[in-house]
Undergrad: 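My questions all concern the structure below.
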Amino acid sequence: QLQLVESGGGLVQPGGSLRLSCAASGFTLDYKAIGWFRQAPGKEREGVSCISSSDGSTYYADSVKGRFTISRDNAKNTVYLQMNSLKPEDTAVYYCAAPLISAVEGMCVMTWTESKEWTYWGQGTHVTVSS
């Protein structure tokens with residue numbers, strides 16, 4: 001059974017840092033692009049970052065560019081999201097996602113920020129940025 005499990009969320013002060021983890025089971029991440037999304041209360045889910053498997057290319061939403069870094073450790077079957085200089089507006093439930101098996105499953109497609117491009121989702125981890 002293919003499963004994604006996020007961890008690492010919590011309460012942090014503005015300007016602080018957190019590292020989120022997305023651990024996969026039931027499949028190998030080696031051949032899959034992985035996306036990070038977030039959903040704040042009352043708002044739609046938005047794409048935050050994507051990392052490809054084919055060449056390790058990374059992509060970020062403008063709102064997090066320069067502050068967040070996505071990376072992968074295939075040996076641990078885990079993808080990370082390092083979040084620095086956190087702001088109150090980063091408060092949300094963060095999800096990781098994987099695409100369906102396809103010819104482009106290893107790529108961050110042009111529409112990677114859209115939830116419909118992703119099939120498998122974790123249960124989410126809460127991040128609260130507050131003083």
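The chain is numbered in sequence order, starting from 1. These numbers come from the heavy atoms of this one structure, side chains and all, not from hydrogens, waters or symmetry mates.
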Undergrad: CD of Gln82 to OG of Ser71: how many Å apart, nearest 0.5 Å?
TA: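 Separation between the atoms: 8.0 Å.
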Undergrad: side-chain contact (heavy atoms from CB on, under 4.5 Å) with Gln3: which residues, sequence neighbours excluded?
TA: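 Expected list: Val5, Ser25.
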Undergrad: Looking at every non-hydrogen atom in both residues, tell me the closest pair between Ser17 and Asn84 and how far apart they are.
TA: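 Taking every non-hydrogen atom into account, OG-OD1, 2.9 Å.
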Undergrad: I want to check something: taking the side chain as every heavy atom from C-beta on, are Phe27 and Leu29 in contact at a cut-off of under 4.5 Å?
TA: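 Answer yes - side chains close enough.
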Undergrad: Can you confirm whether Phe68 sits close enough to Val48 that some side-chain heavy atom of one is under 4.5 Å from a side-chain heavy atom of the other?
TA: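 Phe68 vs Val48: side chains touch.
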Undergrad: Between the main-chain N or O of Ser57 and the side-chain N or O of Ser52, is there a donor-acceptor pair closer than 3.5 Å?
TA: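 Judged by distance alone, yes, a pair lies under 3.5 Å.
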Undergrad: How far apart are the closest heavy atoms of Ser130 and Pro14, and which atoms are they?
TA: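 Closest approach of Ser130 to Pro14: C-CD, 3.6 Å.
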Undergrad: Start with the C-alpha gap between Ser7 and Thr125, add the side-chain angles, then the distance that decides, and say whether side-chain contact (heavy atoms from CB on, under 4.5 Å) holds.
TA: CA-CA 6 Å; Ser7 61; Thr125 185; 5.6 Å; no
Undergrad: Could you tell me whether a side-chain N or O of Glu6 sits under 3.5 Å from a main-chain N or O of Gln123, the two making a donor and an acceptor?
TA: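 Here the side-chain-to-backbone pair exists.
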Undergrad: With side chains defined as the heavy atoms from C-beta onward, is the minimum distance between Thr78 and Ser21 less than 4.5 Å?
TA: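 Thr78 vs Ser21: side chains touch.
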Undergrad: Side chains of residues 30-42: which donor-acceptor pairs under 3.5 Å do they make with residues two or more places apart or in other chains?
TA:
from	atom 1	to	atom 2	distance (Å)
Asp30	OD1	Thr28	OG1	2.9
Lys32	NZ	Pro99	O	2.8
Lys32	NZ	Glu105	OE1	2.7
Arg38	NE	Glu46	OE2	2.6
Arg38	NH1	Asp90	OD1	2.9
Arg38	NH1	Tyr94	OH	2.9
Arg38	NH2	Glu46	OE2	3.2
Arg38	NH2	Ser63	OG	3.4
Gln39	NE2	Lys43	O	3.1

Undergrad: For Asp62, enumerate each residue passing the side-chain contact (heavy atoms from CB on, under 4.5 Å) test, keeping only those at least two apart in sequence or located in another chain.
TA: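 Lys65.
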Undergrad: side-chain contact (heavy atoms from CB on, under 4.5 Å) for Leu20 and Met83? Distances and angles first, verdict last.
TA: CA-CA 8 Å; Leu20 305 184; Met83 307 187 297; 3.8 Å; yes
Undergrad: Under the side-chain hydrogen bond (donor to acceptor under 3.5 Å, both in side chains) rule, collect the residues that match up with Thr128, sequence neighbours excluded.
TA: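 Here no residue qualifies.
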Undergrad: Could you go through Cys50 and Trp118, starting from their C-alpha distance and side-chain angles, then the distance that decides it, and tell me whether this counts as side-chain contact (heavy atoms from CB on, under 4.5 Å)?
TA: CA-CA 11 Å; Cys50 181; Trp118 306 86; 3.8 Å; yes
Undergrad: A quick test of your reading: do over 12 heavy atoms of other residues, nucleotides or ligands sit less than 6.0 Å from CG of Leu2?
TA: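 Yes - once you tally the heavy atoms of other residues, nucleotides and ligands closer than 6.0 Å, there are more than 12.
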Undergrad: Which donor-acceptor pairs under 3.5 Å do side chains of residues 107-116 form with protein atoms, sequence neighbours excluded?
TA:
from	atom 1	to	atom 2	distance (Å)
Thr111	OG1	Glu117	OE2	2.6
Glu114	OE1	Lys116	NZ	3.3

Undergrad: Honestly curious: do Tyr80 and Val127 fall in one hydrophobic cluster under the side-chain, below-4.5 Å linking rule?
TA: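 Each belongs to a different hydrophobic cluster.
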Undergrad: Once rounded to the nearest 0.5 Å, what's the spacing between atom OG of Ser131 and atom CG of Leu11?
TA: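 Answer for the OG-CG pair, Ser131 versus Leu11, is 9.5 Å.
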Undergrad: My understanding is that only residues two or more places apart in sequence, or in another chain, count here; which of them pass side-chain contact (heavy atoms from CB on, under 4.5 Å) with Thr119?
TA: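 Leu100.
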Undergrad: Does the side-chain contact (heavy atoms from CB on, under 4.5 Å) test come out yes or no for Leu86 and Leu18, once each step is laid out?
TA: CA-CA 8 Å; Leu86 283 162; Leu18 283 174; 4.2 Å; yes
Undergrad: Tell me if a side-chain donor or acceptor on Arg72 pairs with a main-chain N or O of Asn77 at a distance below 3.5 Å.
TA: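 No; zero donor-acceptor contacts below 3.5 Å.
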Undergrad: Quick check against the 3.5 Å criterion: does Thr91 have a side-chain atom that pairs as donor or acceptor with the backbone of Val129?
TA: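 Yes, Thr91 side chain to Val129 backbone: donor-acceptor pair under 3.5 Å.
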Undergrad: Has Ser49 got a side-chain atom pairing as donor or acceptor with Tyr60's backbone, closer than 3.5 angstrom?
TA: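 No.
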Undergrad: How about CD on Glu89, more than 12 heavy atoms from neighbouring residues, nucleotides or ligands closer than 6.0 Å, or not?
TA: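 Correct, the count exceeds 12.
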Undergrad: Kindly indicate whether a cation-pi arrangement holds for Arg45 with Trp121, taking the cut-offs as under 6.0 Å to the six-membered ring centre and within 45° of the axis.
TA: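 That pair qualifies as a cation-pi contact.
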